[in-house]
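The chains referred to below are lettered A, B, ... by the order of the sequence lines, with proteins before strands, and numbering in each begins at 1.
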2 protein chains.
Amino acid sequence: MDQKTLVERREVLDNLLKRRFFIAPSFEIYGGVAGLFDYGPPGCALKSEIESFWRRHFVLAEDMLEISATCLTPYNPLKASGHVDRFTDLMITDTKTNDCYRADKVLEEYVENRLKEKSSNPPKSEHEKNDLESLGIKAGSLGVDEIKEVFNRYQIKPPSGGEWSEPYPFNLMFRTKIGPKEVEGRNDNVGFMRPETAQGIFVNFKRLFDYNGKKLPFSVAQIGLGFRNEIAPRNGLLRVREFQMAEIEHFVHPDRKNHHKFNDVASKCLPLYSRRTQLKNGEIERNITLREAVHGEEKIIDNETLAYFLSRTYDFLISIGINPLGIRFRQHLSTEMAHYASDCWDAEVLTSYGWIECAGHADRSCYDLLQHSKSAKTDLLASEKYDEPQFKNVLVLTLNKPLIGKTFKQEASLVTEALQEFANKGDISFQEKLNQYNKAILNYKSCENKKEYQWEISSEMAKFEFQTKKVTEEQFTPAVIEPSFGIGRILYCLLEHSFKIREDLSEVQDKDIGNKINNSADNEMQRSYLSLPALIAPIKCSILPISSNIIFDNLISLLHKNLINHGISCKVDTSSASIGRRYARTDEIGIPFGITIDFQSLKDDTVTLRERDSMKQVRIPSAEVASLISKMITQQINWNNVLDNYPLFTQQSSE
Amino acid sequence: MDQKTLVERREVLDNLLKRRFFIAPSFEIYGGVAGLFDYGPPGCALKSEIESFWRRHFVLAEDMLEISATCLTPYNPLKASGHVDRFTDLMITDTKTNDCYRADKVLEEYVENRLKEKSSNPPKSEHEKNDLESLGIKAGSLGVDEIKEVFNRYQIKPPSGGEWSEPYPFNLMFRTKIGPKEVEGRNDNVGFMRPETAQGIFVNFKRLFDYNGKKLPFSVAQIGLGFRNEIAPRNGLLRVREFQMAEIEHFVHPDRKNHHKFNDVASKCLPLYSRRTQLKNGEIERNITLREAVHGEEKIIDNETLAYFLSRTYDFLISIGINPLGIRFRQHLSTEMAHYASDCWDAEVLTSYGWIECAGHADRSCYDLLQHSKSAKTDLLASEKYDEPQFKNVLVLTLNKPLIGKTFKQEASLVTEALQEFANKGDISFQEKLNQYNKAILNYKSCENKKEYQWEISSEMAKFEFQTKKVTEEQFTPAVIEPSFGIGRILYCLLEHSFKIREDLSEVQDKDIGNKINNSADNEMQRSYLSLPALIAPIKCSILPISSNIIFDNLISLLHKNLINHGISCKVDTSSASIGRRYARTDEIGIPFGITIDFQSLKDDTVTLRERDSMKQVRIPSAEVASLISKMITQQINWNNVLDNYPLFTQQSSE
């Protein structure tokens, strides 16, 4: 499992993926569109198998609620979530060619060029070298002014010989209009294609909480499309403009993030790439149990729920065929995380492009529900009954509303809001000020319009008092822990990990194709294969008559029907190519099992069953083959069990 | 099966669907967006079950190729397909309120009001009555000028008392920009959200044909989202702005639309609502075999393939639970069809809103492939080898390219294109003109820029000659037959058809809830249920302990695990509500099977299994229950088989 091998093989793999139509650029006959890809038959089936296993592994096994919200999203929810203002990349334009670039990528490339061995323009001093290194790391987090200053200082210019424009934020959401009505200067009919599926879950929190019988914790899942208008898409399926996501929002009490199944996974060790090792030696730690990681002194992972999901993700990735040695969980550095997040771990997979984030696991705290609650002016609260009623000291605010109204007029509701915040927080400090001079200055910054206010409040207007109240339930905004998967990225990583090149060529070098193997294109095609687990292989089985003689037709259609009735997808290949060549074709698209019908089959109703990775075959009654394959797909038995129970078959006879 | 009952029940059903979160308006806490709906947990699971059965019924059983193309679509392909120019509705605006309406809907409403019994403004003459009736029928097909004339003639005004604007076409596609680059006045970065999934298949024809081993016929399927910016969305899930579609494009030789499995369905009779009966007596014909319909004298259905797909669609709808008496196949009148279509049948389902189109079956002929081929300047052809080489008289065009280039300069390629068209058609007429005067006028209208050209061509420039050529294969543009399904509409129709109201209330009137039944809200909830087939029910099974006593916990989690391992979704309800009440809750969301754990279970490891529609229960060893349910879901056995093999259980004991 090393990147070098993956890089060496990438071109051959990419050819295979295009030639066998796993994926292809969208609208290719029109010249294509950067960042858009179509899944052809085997790619589409693989994607659908991955999704369907994801559903079994997460939704079904973990009792999650799955929903399906729309991609079209109006302005307000995305304003509240912060996407309208902050879902941006800094862009610069080459003023000569009008081409657009991401400022951070241009800077990273500049740094790479300066620092590489035999650079034509190496750093002029140790100080400059350090500066460049540091800029390379933090390029993505620089603001407009910082980027400007750096571009100026290093005199970075576009290759065209022109000038860079000023950097400016480019919003990555696809914008559209919903409905026919145009309202000048207002956002009423502005809509976006959702940048993530998560918001569709948050805005439905109330109904979901009700559906779950008003009990916490619970998880809501969604599989669906996300959209991101990348400035410069690249690396094939790894950075695209339209992508399938599978997201989970786990709602939980903010102070009780334990998980009832944590003990089932507590003694497992995952490949952790925590903050401390990233900053120290860069090693992946493989010998820390999750119990230690969560409850040990260092508290490497913030809570049980997060750790439980990391473990489930690890199992998921391995089950579909990702090499365990090519997985690590990278913790976000505190500078990387959003201000509200408390911990964040990415499942990264090693590919020819380096370590690629395939699934994020973020503790988003109460941020999203609070934002929507404020913006939509609705409570998004959960409540838990206390075992016994409790008596609590509560800060109660009594207002003289007529006086406030008369004094502050249009701003009265803002004043009330500002005062209520003290009460909500149990903060008595403003009352103390009032006590002192019978009046006090109230400063307030509105969340809505970002304006700052200053008012003089008198003791007649407001009074804060602690009162003892009997409380039977606690109301709170739930915290959210979010595992979020990029299906396309996972699919691509899986293809890189399962791409193998066969050393043993005896099977294809049978007499009837003989010398053809010397042709190098043939050679490549016949040697490479996809070692995808039967669980998620796009097509489960092939049916290959030993020759294209029509006497096999009856048996073929019987077998085909039987397999379909078992829900097993299969591909019949009656072409006249040699059996070895046809095996190679099916191996190439990852079909795990092949049924061969030969002349013996016509005599005793047996067929041979071949397994892709071992290339071994057994002879088996044709009536048993469908249920046997079905059991291997659902992992009730494996190929070794089959080898134990049926006679090995060694020589395909084509007479 | 009558519309009146469906109408009466609609409000209760709609309440159920919202209360149990099958569907809800998207972004409800922000006031919602017309035409957008979210699927909550049971709705999402139902949708996913319908899709997954669709895949088995069509893709798997019919050996189709499934692909997944992008929703984002650039300008050119949709220009070629005609959507940029013709995917429009005529809109009018109330100039006083600025509200937008569909002109045809306003006209239909006006006609309805004039013609209804006790109208305040009845038709003034028999002539006017006939005119209004005819306008009501053809409202949707009127052009701008016709609509204007009718609105003028009848002085139709908006209810606000203002004036209507001129009618104007409103394009129903959601428009956006792909990528950051802005090019003034060009369509380079204009994109749309696809209005149908079909185009993603057509543009991939070449790769798909190759994938299929260059053999015809073959079918390509796609399940995915479509978008339509409706002017005035209405009727819940029946007319929305974002919807899941499942489309099939069947590519076939234009002259050979027979189907190899037609004989399997030829003796079936479908409910046909053909052109002839629509125009005659409006009756649905139920006694014509498909053989008669296709090969009979009247040729009611154009070809075998179309008929075969109608039959498959019928089976699909019935399998998922649509009432056969509420299905008809309506043939498009010749005035309804696109000019290129040769035949078109909609599967319509009877709902409280009337007959609703759920699946279209259109013979699109070669139109789409031809359009893309022209527009992308690429061949989208299939070829078939003749059994024996044939000798054909072919019109060959010989061009004097230098002379044409010199004479027509930039227009030279257009001239070549125009001349080639004669050769392609085998049309010798232009050569005849040349023969006469040694020159001739060539008129041409470009498909691209719609400009008309006129050139003088001399005999030195071009020569058409018939030549005998040996042809080994025929090259042709395949025709396309398209079955296209609206998943959301089918789902809604299914809910209306499976919504039942229980007459027998003995089960819920057990002693422990006694009088509560008198409360009308309770009453409604406990009586109504969804009779969804186990095959596609959103949740397959419930687990209900007879009381919330923790001694049942072990058995619950064992059963749960066992069901999950069999891939059976289940819902545990340990709430303290009576068992009758909990049955009612599960019936309401269509859960077909309920496992009850009682005190007997703790003694002998048996449970009871209840079936929703019959409300009957059997007693059964708990180890057998999962595989039994699994067999009923996959239709290997049915509930009657279970009743035959296990003792009936009559009295739930809660002691």
Side-chain angles (χ1 to χ4, degrees), chain A residues 20-21 24 26-30 33-34 36-41 44-45 47 56 60-61 65-74 76-77 91 98-100 170 174-181 193 200 203-204 206-208 210-211 213 225 227 229 231 241-242 372 376 378 564 567 569 575, chain B residues 20-21 24 26-30 33-34 36-41 44-45 47 56 60-61 65-74 76-77 91 98-100 170 174-181 193 200 203-204 206-208 210-211 213 225 227 229 231 241-242 372 376 378 564 567 569 575:
Chain A
R20 301 304 302 271
F21 202 4
S26 303
F27 311 101
E28 201 180 9
I29 60 171
Y30 285 92
V33 179
L36 295 184
F37 290 91
D38 292 346
Y39 292 90
C44 177
K47 179 162 78 87
R56 290 204 298 283
L60 199 61
L65 309 180
E66 186 183 345
I67 73 160
S68 172
T70 57
C71 298
L72 283 165
T73 308
N76 290 335
M91 189 159 86
N98 222 12
D99 286 330
C100 308
F170 174 75
F174 288 99
R175 193 185 176 101
T176 190
K177 282 179 196 155
I178 304 176
K181 201 170 173 172
M193 301 312 296
V203 297
N204 278 304
K206 253 196 216 178
R207 287 194 177 276
L208 290 162
D210 284 351
Y211 186 86
L225 291 170
F227 299 83
N229 199 4
I231 296 171
R241 287 177 167 152
E242 176 176 335
H372 287 298
T378 184
I564 298 299
S569 54
S575 74
Chain B
R20 301 305 302 271
F21 202 3
S26 303
F27 311 101
E28 202 180 8
I29 61 171
Y30 285 91
V33 180
L36 295 184
F37 290 90
D38 291 346
Y39 292 90
C44 177
K47 179 161 78 87
R56 289 205 299 285
L60 199 61
L65 308 180
E66 186 183 345
I67 73 160
S68 172
T70 58
C71 297
L72 283 165
T73 308
N76 290 335
M91 189 158 87
N98 221 12
D99 286 331
C100 308
F170 174 75
F174 288 98
R175 192 185 175 101
T176 190
K177 283 178 196 156
I178 303 176
K181 201 170 173 174
M193 301 311 296
V203 297
N204 278 304
K206 253 196 216 178
R207 287 194 178 276
L208 289 162
D210 283 352
Y211 187 86
L225 290 170
F227 299 84
N229 199 4
I231 295 171
R241 286 176 167 153
E242 175 176 335
H372 287 299
T378 184
I564 297 300
S569 54
S575 73

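Residue with the most contacts toward chain B among A/A24, A/C44, A/A45, A/A61: A/C44 (heavy-atom pairs, distance under 4.5 Å). When B/R56, B/K206, B/M193 are compared by the number of non-hydrogen pairs under 4.5 Å with chain A, B/M193 comes out ahead. Counting heavy-atom pairs closer than 4.5 Å to chain B, the top residue among A/D210, A/I231, A/T378 is A/I231. Per-residue heavy-atom pair counts under 4.5 Å with chain B were compared for A/L36, A/L65, A/N229, and the maximum is reached by A/N229. When each of A/T176, A/D38, A/I178 is checked for heavy-atom pairs under 4.5 Å with chain B, A/D38 comes out on top. Taking A/Y30, A/Y39, A/F27 one by one and counting their heavy-atom pairs under 4.5 Å with chain B, the maximum is reached by A/Y30. In terms of heavy-atom pairs under 4.5 Å with chain B, the best-connected choice from A/G40, A/G200, A/P74, A/S26 is A/P74.
Heavy atoms closer than 4.5 Å to chain A are found in the side chain of B/K47, but not in its backbone. For chain B, the nearby part of A/F227 is the side chain; its heavy atoms alone come within less than 4.5 Å. Contact annotation for B/F174: both backbone and side-chain heavy atoms come within less than 4.5 Å of a heavy atom of chain A. A/S575 does not touch chain B: none of its heavy atoms, backbone or side chain, sits under 4.5 Å away. Both the backbone and the side chain of A/E66 have a heavy atom closer than 4.5 Å to some heavy atom of chain B. Heavy-atom distances place both the backbone and the side chain of A/A69 under 4.5 Å from chain B. Using a 4.5 Å cut-off between heavy atoms, B/T70 touches chain A through backbone and side chain atoms alike. Proximity to chain A is limited to the side chain of B/L225, based on heavy atoms less than 4.5 angstrom apart.
Side-chain atoms of A/L60 and B/S569, non-hydrogen and from C-beta on, do get closer than 4.5 Å to each other. Between A/F21 and B/N204, some side-chain heavy-atom pair lies under the 4.5 Å cut-off. Taking 4.5 Å as the limit, some side-chain heavy atom of A/E28 sits within range of a side-chain heavy atom of B/R207. Considering only heavy atoms from C-beta on, A/I67 comes within 4.5 Å of B/P41 through its side chain.
Note that CZ of A/R20 and OH of B/Y211 are 6.5 Å apart. Values are rounded to the nearest 0.5 Å. One distance of note links CD1 of A/I29 with NE2 of B/H372; it measures 6.5 Å at 0.5 Å rounding.
Nearest heavy-atom pair across A/P180 and B/M91 is CB-SD, 3.3 Å. What you find for A/L72 and B/R241 is that their closest heavy atoms are CD1-O, 4.1 Å.
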